[in-house]
Number of protein chains: 2
Amino acid sequence: MKPTLQAVADAVGVSRSTVSNAYSRPDQLSAALRERILDAARQLGYPGPNPTARSLRRGFVGSIGVLFTSQLSYAFTDPFAVRFLAGVGAATERHGTSMLLVPLPPAQTDARRAVENAAVDGFCVYCVADEEWALDVIRQRGLPFVSTAPRDDAGPDERFVGIDERAAAHSVAAHVAGLGHRRVALLADSVLLDAPAGPLTLSGVDQVPHPTTHGRLAGFADAFAEVGVDWAELTLLNAPGNSRQAAAAAVAGLFDRPAPPTAVLAGSDVLALGVLDALAERPAGDRPPVSVTGFDDVPEAAAAGLTTVRQPAEEKGRIAAELLLDPPADPAAGHVLLPTALVVRASTGPAPRS
Amino acid sequence: MKPTLQAVADAVGVSRSTVSNAYSRPDQLSAALRERILDAARQLGYPGPNPTARSLRRGFVGSIGVLFTSQLSYAFTDPFAVRFLAGVGAATERHGTSMLLVPLPPAQTDARRAVENAAVDGFCVYCVADEEWALDVIRQRGLPFVSTAPRDDAGPDERFVGIDERAAAHSVAAHVAGLGHRRVALLADSVLLDAPAGPLTLSGVDQVPHPTTHGRLAGFADAFAEVGVDWAELTLLNAPGNSRQAAAAAVAGLFDRPAPPTAVLAGSDVLALGVLDALAERPAGDRPPVSVTGFDDVPEAAAAGLTTVRQPAEEKGRIAAELLLDPPADPAAGHVLLPTALVVRASTGPAPRS
DNA sequence: GCTAATCTCTGTATCGATACAGACTGGATC
DNA sequence: GATCCAGTCTGTATCGATACAGAGATTAGC
């Protein structure tokens, strides 16, 4: 059994409080006594104040939770998520706080329990899919949080950092529309919960539940509506998961249909890269000249020559953590919109004359 | 103020223990009472048992620490580290445990304090640089840990997962030696602590303190010793940090020297990619035909056509976490050596005839 | 020489839960 | 009818520290 504070106190012949002060408030006791105490502690093998007991008494933990509303292992395969994490890490580093990555079990009840049980002072919620339930649990616990998806029901005290999804999506779609494309497919992750890979028919974009996906698809649709192509004329493709494989599966057979789309607008770079993968797999003579766009501008996008919308990934993570760790006095400053930029590369070109 | 267990107990008119049981040991009370209690809790806004208090009483936390003996933000920029994290994440996911990423402040004392204060049940130590002090603190706390660097002083109870660094390095160096290269540079991260980027002279490989780096350099040297090139004839290059930039800085001017090396063996893919960057920056007519090898086989290596040694990154992380979470009964099973494989790609070729 | 201020250190209450031994009920067993 | 048992619930001790008010001792000021 490891010795406790009490053991050290007994050994030195002082009170527990004094030993505690030796560690946490050196100015509360004489330097000489402090040295005696620390020496005795070393001698006894006392490992320093127990972090859990300390947290309980102090009322805070010294770590923030990062919640991916999806498999945790997914987070590390998504380059955008990794850079987000890097940003959170940089902020915690400066602040002397740790980050707790909380994996969510597949079952809802277990997942709730996981969020309830996380020993943290607050959460950065990286919104992948439906996350309302998680935010509910966090609110219930009375913990502060910062989310990355815009929400209508945000309380005045709830912090947010993100981009204008709709406007950003509009910018890349307008670029594609400007190139003359009119037969266009929109590809997104989890357009509807649990929908299979491939085409999907929705009466309108408002049926898409996930706010980020909704914003991006709406932005795409806006740009085409401006050139006279309305929602019903767009091909909507669902990818069950934000992965290259899912994207490739979603576009399977797409280009062999009569009057195939001449452009695919993807809701993320990862999906767009998956479309490029699918195209690259076709025999060299049978590659339709499809324009493809992504979203995020992850490092791989540049290498692949992908036209996309850049959003500052690390900054998003950094600011999320900072909003959490140093809440701004002015609540209005708790809503941060980051800039985005259209990045045109080789993956988009003029629509073929039909 | 959030209500406590006691408040719920009072509201329902039962004892604290019973409320506790309602959450943690449902079999200890009747289903009906349990429902009444949970209802009352909902009504009062009780967020469930306080994680910190629970941890204190139970004696464990439910999360494991991941320690990078370097800047935490570095970890997310290193593709190998990211995949290691993915592996750890996958294991914790299955085990219902969280992972705490502990950033280490630059100052030693603060860094010690950070490890002392981390509320975790054990550590996966991803060894980047000197980490003995960290292991000392962990031992002192009496916590289990798994490290990824081989250590001579490992206690019988101390777990480890890694590769045979020396043999793996030998395999790629032997490949290069077999191609006829005799003027060779070895490039590694932090060969000596705080050494600047560039050439470095050491009387022998045993002066290298970091065990991983030592193993790899020794393996490189072994292979060249076998073909009659001894340590003193090898150019040793230091990169201060495992980054492409650091590598590029380390090889600056190298190829403009008289009798420049015809091959560069790097201690990691990231460094090797940095060497390729440096070569690519030279005017097209002035690119010496240098063979370059890496180590790890990160995803980017394939795209760059880099000859390297593959080691299973995610598996390393996964096994590290599993060794920690489910310690094998047989202590011998606590030392896992993973397989490696030489991967020959386009970045190596026959030595130019001089 | 007396009050005030400062510096150290102590003692008690508290953070919010869980473990464990035991008390009580009601039915089954022989 | 006594015994045993399983099923429920309670009460107390405990996990390991920190906060805070206040007690002595010392020094300072006038």
Side-chain angles (χ1 to χ4, degrees), chain A residues 1-38 40-41 44-62 113 116-121 140-143, chain B residues 1-38 40-41 44-62 113 116-121 140-143:
Chain A
M1 217 30 219
K2 283 281 157 193
T4 66
L5 250 198
Q6 181 72 67
V8 179
D10 293 346
V12 183
V14 296
S15 79
R16 215 163 54 236
S17 312
T18 302
V19 179
S20 172
N21 284 335
Y23 282 93
S24 309
R25 301 156 68 172
D27 57 312
Q28 294 296 303
L29 72 173
S30 65
L33 178 57
R34 185 172 127 93
E35 267 319 306
R36 270 212 299 144
I37 291 176
L38 296 183
L44 291 172
Y46 174 65
N50 177 306
T52 306
R54 160 181 292 206
S55 298
L56 175 59
R57 185 63 249 243
R58 296 227 242 204
F60 66 89
V61 179
R113 199 52 68 92
E116 283 165 357
N117 287 344
V120 296
D121 300 321
Q140 171 86 9
R141 284 186 60 181
L143 290 178
Chain B
M1 217 26 223
K2 282 281 158 193
T4 67
L5 251 197
Q6 182 71 68
V8 179
D10 293 347
V12 183
V14 295
S15 80
R16 214 161 57 234
S17 313
T18 301
V19 179
S20 172
N21 285 335
Y23 283 92
S24 310
R25 301 157 68 172
D27 57 313
Q28 294 294 304
L29 71 174
S30 65
L33 178 56
R34 184 172 128 92
E35 267 318 308
R36 270 212 297 145
I37 291 176
L38 296 183
L44 290 173
Y46 174 65
N50 177 306
T52 306
R54 161 182 294 212
S55 299
L56 175 59
R57 185 62 247 241
R58 296 229 244 206
F60 67 89
V61 180
R113 200 50 72 92
E116 284 166 354
N117 287 344
V120 297
D121 299 321
Q140 171 86 7
R141 284 187 59 181
L143 291 179

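Fair warning: this is a prediction, and the values are worked out from it, not measured in the lab. All chains are named by letter (A, B, ...) in the order of the sequence lines, taking the proteins before the strands, and each is independently numbered beginning at 1.
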Under 4.0 Å, heavy atoms only, any strand: does [X] hit a base, just the sugar-phosphate, or nothing?
{"X": "Tyr46(B)", "answer": "sugar-phosphate"}
{"X": "Thr18(A)", "answer": "base"}
{"X": "Leu29(A)", "answer": "sugar-phosphate"}
{"X": "Arg16(B)", "answer": "base"}

Take atom [atom1] of [X] and atom [atom2] of [N], then tell me their distance rounded to the nearest Å.
{"X": "Asn21(B)", "N": "dT10(D)", "atom1": "CG", "atom2": "C1'", "answer": "10 Å"}
{"X": "Phe60(A)", "N": "dA19(D)", "atom1": "CZ", "atom2": "C1'", "answer": "13 Å"}
{"X": "Gln6(A)", "N": "dT12(C)", "atom1": "CD", "atom2": "P", "answer": "12 Å"}
{"X": "Lys2(A)", "N": "dA17(D)", "atom1": "NZ", "atom2": "C1'", "answer": "17 Å"}
{"X": "Leu5(A)", "N": "dT14(D)", "atom1": "CG", "atom2": "P", "answer": "18 Å"}
{"X": "Tyr23(B)", "N": "dT18(C)", "atom1": "OH", "atom2": "P", "answer": "10 Å"}
{"X": "Arg25(B)", "N": "dT10(D)", "atom1": "CZ", "atom2": "C1'", "answer": "14 Å"}
{"X": "Asn50(A)", "N": "dT14(D)", "atom1": "CG", "atom2": "P", "answer": "18 Å"}

> Can you tell me if Asp121(B) uses its side chain to pair, donor with acceptor, with the backbone of Gly62(B) under 3.5 Å?
Replying inline: yes

> So, does Gln28(B) use its side chain to make a donor-acceptor pair with the main chain of Ala22(B) at under 3.5 Å?
Replying inline: no

Hey, does the side-chain of [X] have a donor or acceptor N/O within less than 3.5 Å of a partner on the base of [N]?
{"X": "Arg57(A)", "N": "dT14(C)", "result": "yes"}
{"X": "Thr52(B)", "N": "dA17(C)", "result": "no"}
{"X": "Ser55(B)", "N": "dA17(C)", "result": "no"}
{"X": "Ser30(B)", "N": "dG7(D)", "result": "no"}

Considering only side-chain heavy atoms of [X], which listed nucleotide, [options], is closest?
{"X": "Thr4(A)", "options": "dT18(D), dT10(C), dA17(D)", "value": "dA17(D)"}
{"X": "Ser17(A)", "options": "dC15(D), dA19(D), dT10(D)", "value": "dA19(D)"}
{"X": "Pro49(B)", "options": "dT10(C), dC9(D), dA17(C)", "value": "dA17(C)"}

>> How close do Tyr23(B) and Ala41(B) get, counting heavy atoms only, and between which atoms?
In response: OH-CB, 3.2 Å

> Between Asp27(B) and Arg58(B), which is nearer to the 5' end of DNA chain D once each is assigned its nearest nucleotide?
Replying inline: Asp27(B)

>> Side chains of Arg54(A) and Asn117(B), heavy atoms from C-beta outward: is any pair under 4.5 Å?
In response: yes

Which pairs would a plain distance check flag for residues 6-18 of chain B, meaning a side-chain donor or acceptor within less than 3.5 Å of a matching protein atom at least two apart in sequence or in another chain?
from: Gln6(B); atom 1: OE1; to: Arg16(B); atom 2: NH1; distance (Å): 2.9
from: Gln6(B); atom 1: NE2; to: Asp10(B); atom 2: OD1; distance (Å): 3.0
from: Ser15(B); atom 1: OG; to: Ser17(B); atom 2: N; distance (Å): 3.3
from: Ser15(B); atom 1: OG; to: Thr18(B); atom 2: N; distance (Å): 3.3
from: Ser15(B); atom 1: OG; to: Thr18(B); atom 2: OG1; distance (Å): 3.3

